[in-house]
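For ligands, and for the atoms within them, numbers begin at 1 and follow the listed sequence.
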Amino acid sequence: MTTPRLEIDLAKIQHNAHVLVSLLGTQGISVWGVTKAMMGLPGIAKALLAAGVSGLADSRIENIQTMRLASVTADMMLIRSPMISQADLVVGAADVSLNTELDVISELSKAACAMRRTHGILLMVELGDLREGIMPADLESVVRQVLLFPNIALKGIGTNLACRCGVVPDAENMGELSNLADAIDATFGPVLSVVSGGNSSNLNWVLGAADTGRINNLRLGESILLGCEPLHRQAIEGLYTDAITLVGEVIESKTKPSRPWGEVAESAFGAVGPQADTGSISQAIIALGHMDTDPDGLTPPTGMKILGSSSDHLIVDSGGNRLSVGAEVAFQLNYSALIRAMVSPFIAKRIEQGRSDQDFSALQSPGLVA
Ligand SMILES: *Cc1c(COP(=O)(O)O)cnc(C)c1O
């Protein structure tokens, strides 16, 4: 089988999505399944829809186009503010986009008029993480102007935390979002049907909150794919954390000293810390490196330790059991390792429909397998 490869278990992803959709459903919160880490793979999109998500969301219009071309039928949201240069593409492929700039909305309006379509808008509000968002004090005046654009439908407001600065969603900032929604509706009549509280980092607060106010939507990617919440990277109870693994192949396996010899300066990727002398070790090289993934985001099987990496090599201490050349090693991935493996042309993507690791009724995605 092709190595290196990502093994993606659709049944586990569907299970994870279903658990979250059901849990949040009891609190009146809908879920948009975020497909960006999967490059809009149609199989994933269909698994998310089968799990009951109310729409699909992606940061790249190209991924939304991929899903449209594959005849995935769903409401699709572009969750990064559109580039003006892509206004036509956005209106052509996405039903809704997340916006913060009137100049962009104006271009979306022109494109929508030309195509005789209505394009939905969610206005993103800045609540402290200092990535995208309209400052709260400016929201009312932006809403007033958005309501005047032809062929633009204001659907709601939203916010995004914990992505740039790690600001945690809590009662205070989520309460502010609810209050802003109430204030806008009070001024302009009920205009906001969606109040999108955030991403996977909102789960801790939402699932523990007695009252989630006006928040009625979350946009979830990482928690569905990796089964963990992103604030402390703790596994979420009842979810699979191994729905996606990265499999690499051993290309060298030797007993070597644990310490380098000769004068030591910087390596290909900067300074290397001092290496402890633990005597001779079983060192193996796996054909995976920075060209394929984020090596720092990989977790090896128990008993194995990652010692270092370069563009094309991942060096591990295989502990007690020596690995044979040609053997395969499966790693768990964090979000950073996952997105880089997903976009690397060197990594094959193997989609499994199976219920468990034993049941490999493999369905390869021909466009993506190297
Ligand atoms: C990536 C992204 C999400 C999904 O984040 P996860 O942590 O993967 O759940 C939601 N909203 C926006 C705006 C994003 O960019």
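Residue E132 has no nitrogen or oxygen atom sitting less than 3.5 Å from a nitrogen or oxygen atom of ligand 1, judged on distance alone. Between M124 and ligand 1, not a single N/O pair is under 3.5 Å apart. Residue contacts with ligand 1: S223 is placed with no nitrogen or oxygen under 3.5 Å of a nitrogen or oxygen of the ligand (distance criterion only).
The atoms of ligand 1 that sit less than 4.0 Å from any heavy atom of R131 are 13 (C), 14 (C), 15 (O).
A salt bridge does not link D88 with R117: none of the charged nitrogens is closer than 4.0 Å to a carboxylate oxygen. Comment: E328 engages R5 in a salt bridge, judged by a side-chain N to carboxylate O separation of less than 4.0 angstrom.
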- Evaluate salt bridge (Lys or Arg N to Asp or Glu O under 4.0 Å) for R164 paired with E132, printing each intermediate quantity in order. CA-CA 10 Å; R164 181 191 155 198; E132 76 274 34; over 6 Å; no
- Message: Could you go through N173 and D170, starting from their C-alpha distance and side-chain angles, then the distance that decides it, and tell me whether this counts as side chain to side chain donor-acceptor pair (under 3.5 Å)?
- Response: CA-CA 6 Å; N173 47 41; D170 59 15; 3.2 Å; yes
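Looking from atom 12 (C) of ligand 1 to the surrounding protein, the closest heavy atom is N160 OD1, 3.4 Å. Nearest protein heavy-atom neighbour of atom 15 (O) of ligand 1: K36 NZ, 2.8 Å. Taking atom 9 (O) of ligand 1 as the reference point, the nearest protein heavy-atom neighbour is S200 OG, 2.5 Å. Among all non-hydrogen protein atoms, the one lying nearest atom 13 (C) of ligand 1 is I79 O, 3.4 Å. The shortest contact between atom 5 (O) of ligand 1 and any protein heavy atom is with N199 CB, 3.2 Å. The nearest heavy-atom contact from the protein to atom 8 (O) of ligand 1 is E222 N, 2.8 Å. Scanning all protein heavy atoms for the shortest distance to atom 11 (N) of ligand 1 gives R219 NE, 2.9 Å.
Counting heavy atoms closer than 4.0 Å to ligand 1, residue L220 contributes backbone atoms (N, CA, C, O) but none from C-beta onward. Contact annotation: for M77 versus ligand 1, there are no heavy atoms closer than 4.0 Å. No part of R80 comes within 4.0 Å of ligand 1, judged by heavy-atom distances.
Residues forming a side-chain hydrogen bond (donor to acceptor under 3.5 Å, both in side chains) with D211 (at least two apart in sequence, or on another chain): none.
A 4.5 Å side-chain heavy-atom check between V72 and L49 finds at least one atom pair inside the cut-off. Between M124 and S81 the shortest side-chain heavy-atom distance does not fall below 4.5 Å. Between M174 and T212 the shortest side-chain heavy-atom distance does not fall below 4.5 Å. Looking at heavy atoms from C-beta onward, L6 lies in side-chain contact with L333 at the 4.5 angstrom threshold.
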